[in-house]
Amino acid sequence: MNAPVSAPKDRIVIFDTTLRDGEQSPGASMTLSEKLQVAEVLDEMGVDVIEAGFPIASNGDFEAVSEIAKRVKNATVCGLARASNNDIDRAGEAVKHAEKRRIHTFISTSPLHMKYKLQMEPETVYEKVIASVTRARQWTDDVEWSAEDGSRTEHDFLCRCVEAAIKAGATTINIPDTVGYAVPEEYAALFQMLLNRVPNADKAIFSTHCHDDLGLAVANSLAGISGGARQIECTINGLGERAGNAALEEVVMAIRTRADVLPFATGIKTPMLTRASKLVSNASAFPVQYNKAIVGQNAFAHESGIHQDGMLKNAQTYEIMRPDDVGVKSTSLVMGKHSGRHAFKEKLKDLGIELGDNALEDAFRRFKDLADKKKHVFDEDIEALVSDEMENAGERVKVMALTVIAGTAGPQMATITLDVDGTHVTMMSNGDGPVDATFNAIKKIIPHEATLRLYQVSAVTEGTDAQAEVFVRLEEGGKQVTGKAADTDTLVSSAKAYISALNKLYAKRDRANAREVAAV
Ligand code: KIV
Ligand code: ZN
């Protein structure tokens, strides 16, 4: 039978919910192949539990959880379910092929949520806790129960529900700070209270799940383990609903770096953190802020003269972690226009990137084009180029050509040729600046109502010939999609990023249409 995750006293179970709570955040949706790649890296990195999705939410979610369940080798694969038989059975079906599987079922327990969201009496919620955990246990021995909005739940009621969930067979009890309202001392005390008052508390592992609305998610998670929790739920880059979830890389490195005051251990291979961060940022098209702890571009950069001087004398003067502890390599000059296919393939291998034959050929062609335009091709350039390759594979619309007239004289004009389902279409437009003109020309070819919510440009490496990486977020009918592209020409990467986001909108519409047809 499937054995639940257990943890020795000081071992913290790392439960990653990038593919569920993270992917749930507006605009962060990932394709199936992106989800599979993320799951593979999480597994290799030593994550204990991968929450792969919410199987009842859509056929796409079900398929992703089910595929991940079949492929993951070491981690427990978990599916989320509300407290209903349909949800739980769908989650059970989705994870059933996993070597180690978990069902995570939840219901709100705070007075506010019970009254307004669920419109249920506390006694009905209490009954549902028992019924849902009992149902989930029919699928697996590893069942997690969550008290949604747990940090705002009355203590007596929380104790009753936790006791009932454990009695019904829950092996992990998660107390989420769903709205990011708790402060560290309070959250630590909540776990101490539960461990002291719930008679069967020793039969389960307690878990933190913190949102970052007040910027306290990581601090609260660490306080939670000081209070007795032994599982932390977190996401790569802190991706997640609203302000996000506790960032995996931050909790793991805090535990590792401050072992003197946090006497715990995780099973994470920390040199893989940077790779995981880049992969999730690319797959979700959510850029990582420059000064983000652990994985931000500036996290190990020392600009001020005083700091640089100190660093040269002894790195520990200003560095509490070594860059290679988290997988940061100093930028390396890699290849130029004379490098061949074999060297390119070896380079990809070094960077941990695997491509099929066709994708490799395409990537190599683009590398050659880039090497013609750019003097030095760095690892970061190759990573950006390949992530574009993966992001744009199989898309319906492609940018074929772009000419822009810009400058002080105005009006700025753009002429663009797009390949739409195999047909080339050219349009010209003016605009308030070259980017506006380019996007207007695209809109003439592909009319849409989407609003531009984010347009962000950053340089992949240093120098005026660096590739410009552009992130675009579009919103249409309450749905957000993101697109990303890199090119040495900022306007070309802008057009490609915009088209990449539009392709995702198309794909969403196609899926919605397919569902409507299927429902008839
Ligand atoms: O934030 C939350 O309460 C959740 C639950 C579903 C665990 O994500
Ligand atoms: Zn959450």
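Counting starts at 1 for both ligands and their atoms, following the listed order. Since we're looking at a predicted model, the values are computed, not measured. Start at 1 with the first residue, then count along the sequence.
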A.B. asks: Would you name the N/O/S atom of D21 that lies closest to the Zn ion (ligand 2)?
C.D. replies: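 Atom name returned: OD2.
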A.B. asks: Among protein heavy atoms, which lies nearest atom 4 (C) of ligand 1, and at what distance?
C.D. replies: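 The closest one turns out to be H209 NE2, 3.5 Å.
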A.B. asks: Would you say the side-chain atoms of H104 and S146 include a donor-acceptor pair closer than 3.5 Å?
C.D. replies: yes
A.B. asks: Let me confirm one number: the CG-CD distance from N196 to Q192, rounded to the nearest 0.5 Å.
C.D. replies: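 Going from the CG atom of N196 to the CD atom of Q192 covers 7.5 Å.
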A.B. asks: Short list, please: which atoms of ligand 1 are under 4.0 Å from a heavy atom of D21?
C.D. replies: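 This gives 8 (O) as the contact atoms.
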A.B. asks: To the nearest 0.5 Å, how far apart are CZ in R102 and CD1 in I50?
C.D. replies: 12.0 Å
A.B. asks: Measure the distance from atom 8 (O) of ligand 1 to every protein heavy atom, then report the residue, atom name and distance (to 0.1 Å) of the closest one.
C.D. replies: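 Ranking protein heavy atoms by distance from atom 8 (O) of ligand 1, first comes R20 NH2, 3.0 Å.
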A.B. asks: If you measure from NZ on K35 to OG on S29, what distance do you get to the nearest 0.5 Å?
C.D. replies: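 Separation between the atoms: 8.0 Å.
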A.B. asks: What is the nearest protein non-hydrogen atom to atom 3 (O) of ligand 1, stated with its residue, atom name and distance?
C.D. replies: T178 OG1, 2.6 Å
A.B. asks: What class does the angle between the rings of H448 and Y498 fall in, given that below 30° is parallel, 30 to 60° is tilted and above 60° is perpendicular?
C.D. replies: tilted
A.B. asks: Heavy atoms only: which of E148, H211, H104 lies closest to atom 7 (C) of ligand 1?
C.D. replies: H104
A.B. asks: Taking all atoms of both residues into account, what is the closest heavy-atom pair of N200 and E163, and its distance?
C.D. replies: ND2-O, 3.2 Å
A.B. asks: Please find the N/O/S atom of H211 nearest to the Zn ion (ligand 2) and write down its name.
C.D. replies: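 Relative to the Zn ion (ligand 2), the closest nitrogen, oxygen or sulfur of H211 carries the name NE2.
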